[in-house]
4 protein chains.
Amino acid sequence: MLNRVILIGRLTRDPELRYTPAGVAVTTFTLAVDRPFTNQQKEREADFINIVTWRQLAETCANYLRKGRLTAVEGRIQVRNYDNNEGRRVYVTEVIADNVRFLESSNSGGNREEGMGGGQAPSQGQQRYSGPRDNQDPFQDDGKPIDISDDDLPF
Amino acid sequence: MLNRVILIGRLTRDPELRYTPAGVAVTTFTLAVDRPFTNQQKEREADFINIVTWRQLAETCANYLRKGRLTAVEGRIQVRNYDNNEGRRVYVTEVIADNVRFLESSNSGGNREEGMGGGQAPSQGQQRYSGPRDNQDPFQDDGKPIDISDDDLPF
Amino acid sequence: MLNRVILIGRLTRDPELRYTPAGVAVTTFTLAVDRPFTNQQKEREADFINIVTWRQLAETCANYLRKGRLTAVEGRIQVRNYDNNEGRRVYVTEVIADNVRFLESSNSGGNREEGMGGGQAPSQGQQRYSGPRDNQDPFQDDGKPIDISDDDLPF
Amino acid sequence: MLNRVILIGRLTRDPELRYTPAGVAVTTFTLAVDRPFTNQQKEREADFINIVTWRQLAETCANYLRKGRLTAVEGRIQVRNYDNNEGRRVYVTEVIADNVRFLESSNSGGNREEGMGGGQAPSQGQQRYSGPRDNQDPFQDDGKPIDISDDDLPF
DNA sequence: TTTT
DNA sequence: TTTT
């Protein structure tokens with residue numbers, strides 16, 4: 001009934017942009033979110049959380065996000081499952097983002113500007129999508145997005 | 001750096017209370033969270049999200065939550081992994097709750113009361129835990145909580 | 001850059017539905033949100049938070065919400081100010097809701113159904129609006145919504 | 001019953017640190033949070049939201065936050081009221097923060113580091129306080145924190 | 001001006 | 001398989 005997630009962390013790799021057969025953009029990346037500091041402080045721990053974005057937001061993320069960038073993500077948890085090649089049911093959890101904020105400019109060095117800097121800030125994650133068109137599961141067993149049937153994609 | 005989740009849904013089963021070897025309570029349950037309306041509206045879809053609570057909150061959840069109850073959960077996403085018996089790395093995602101609100105009374109029939117009804121409302125989820133003591137992974141491959149080394153549990 | 005609020009509480013009164021000159025619906029109500037338990041536990045305390053909804057969501061809220069109902073609200077904080085009749089600047093803070101969940105059915109007695117019960121659940125708060133059309137300030141000095149210029153209302 | 005706010009914005013001024021008669025630290029500042037894009041895009045609009053932090057978190061914020069810094073705040077909405085000198089009831093809304101993240105380093109120029117930079121990162125907002133000790137109202141009519149009776153402050 |  |  002209500003499902004909201006807000007994360008701040010850093011990209012572990014450059015984002016990956018794919019397209020469904022019908023040409024719908026989907027971008028995936030992983031956010032490393034440091035845990036509140038651990039007891040023994042042995043090693044600094046993080047959760048690695050898979051993020052999925054769709055359509056215009058996917059394009060923007062692919063264009064402007066890069067490995068290591070501090071990023072805020074707003075969205076919802078999606079859990080899907082499939083049976084892998086060994087006939088075993090696998091559960092996959094991702095965050096379907098509908099709002100992404102770039103907290104570090106691309107021109108490293110001076111980042112009093114958030115977003116892309118230079119004042120020519122793009123729409124960068126302003127788009128908010130909700131509803132069925134975000135209900136997809138773009139990852140395969142190997143972690144790469146799959147080809148999604150366009151029947152699943154409303155307008 | 002920041003990791004916050006808020007969910008409202010219904011328990012798919014009664015909660016399960018376990019104890020670590022040192023006697024720390026951990027309760028797990030699954031929340032069915034209806035998705036915002038789906039495309040063809042074919043069947044009503046939901047995400048099934050695993051929730052973990054610790055200590056006093058675990059005891060309270062075990063005592064008062066039941067299958068089917070409408071419940072609000074606040075916490076953070078935790079991703080852990082382990083190598084299963086086939087030597088395959090498995091990733092598990094759970095929500096470590098630090099705040100649980102009972103939105104339906106136990107006396108089914110009249111539920112204008114939230115919490116436990118009867119006025120003798122317990123502390124019911126008021127406790128907020130943070131820090132390392134919530135950093136555990138109580139589920140096994142089969143979805144049941146494992147026995148957790150108490151070394152991992154600060155105070 | 002990011003502004004998100006999630007509340008669960010009870011309506012202090014029936015919601016009020018108004019219309020802008022151009023006929024845009026705006027519904028306002030106040031949510032009583034109990035505070036996490038107070039020190040001396042003298043009296044149970046709550047925060048009374050003003051909520052504003054627009055358009056279809058406003059209509060749905062006006063139709064289905066009533067005084068006392070347990071309700072979840074998702075939205076953003078908006079702060080506006082105006083100079084009152086004494087020439088004093090007054091600051092007003094509201095939550096502009098884009099998602100409202102009815103946690104108690106209207107047919108009091110049996111509420112295993114959320115929303116309106118009876119299966120004929122309406123769209124009830126599924127609509128998510130964002131952007132400038134929510135940037136209005138519908139309250140007057142006396143707490144009643146004002147007539148809003150339709151110039152401020154995009155499509 | 002549930003009251004959670006997450007904000008990302010910039011300080012409009014340096015934070016102000018005060019102490020209650022009993023020596024409890026309270027720091028206040030205002031966060032400018034840009035609104036999602038405005039109608040005519042005439043001028044860039046923002047909400048100016050008052051933030052209150054207590055105790056250790058107050059000290060940390062006072063030490064490390066400065067005007068203009070990009071900052072994430074997690075907390076809850078608090079609404080209080082008082083009668084001003086003209087005998088008029090005034091309502092004040094603030095966010096009582098229990099988690100503050102410094103998204104820009106203090107050594108302006110190179111801010112790939114979050115927090116305080118230099119590796120000597122302090123505890124910086126890790127502390128999470130809940131319960132009655134955050135239920136205070138440190139602002140006066142003129143926006144400055146008042147002296148708070150220590151009776152109101154549990155331990 | 002406040003809800004259960 | 002992980003970021004600073």
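These values consider heavy atoms only, across backbone and side chains, with no hydrogens, waters or symmetry-generated copies. Labels below follow one simple rule: chain letters A, B, ... track the order of the sequence lines, proteins then strands, and each chain is numbered from 1.
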Candidates E:dT2, E:dT4, F:dT2 - which lies nearest the side chain of C:T30: E:dT2
Side-chain N or O of D:R89 closer than 4.0 Å to phosphate OP1/OP2 of E:dT1: yes
Whole-Å distance separating the CG atom of A:L31 from the P atom of F:dT3: 13 Å
Rounded distance in Å - CZ (D:R101) to P (F:dT4): 18 Å
Distance in angstrom units between A:I8 CD1 and F:dT4 P, rounded: 17 Å
Side chain to side chain contact (heavy atoms under 4.5 Å, CB included) between C:I49 and C:V73, intermediate numbers included: CA-CA 11 Å; C:I49 302 174; C:V73 164; over 6 Å; no
Closest to the C:R13 side chain, choosing from E:dT2, F:dT3, F:dT2: E:dT2
Separation of F:dT3 C1' from A:F29 CZ (nearest whole Å): 12 Å
side-chain hydrogen bond (donor to acceptor under 3.5 Å, both in side chains) partners for A:D47, two or more places apart: A:R35
Among F:dT1, F:dT3, E:dT1, the one nearest D:Y91 by side-chain distance: E:dT1
Rounded distance in Å - CG (B:D83) to C1' (F:dT1): 13 Å
Separation of E:dT2 C1' from C:D34 CG (nearest whole Å): 12 Å
Those residues that, when tested against A:T30, pass side chain to side chain contact (heavy atoms under 4.5 Å, CB included) (two or more places apart): A:T12, A:F48, A:N50
OP1 or OP2 of F:dT3 under 4.0 Å from side-chain N/O of A:R69: no
Atom-pair distance (CG on A:D47; P on F:dT2), nearest Å: 14 Å
Interatomic distance, A:R10 CZ vs F:dT1 C1' [rounded to whole Å]: 20 Å
Stepwise side chain to side chain contact (heavy atoms under 4.5 Å, CB included) check, B:I8 with C:I8: CA-CA 10 Å; B:I8 299 180; C:I8 299 181; 3.7 Å; yes
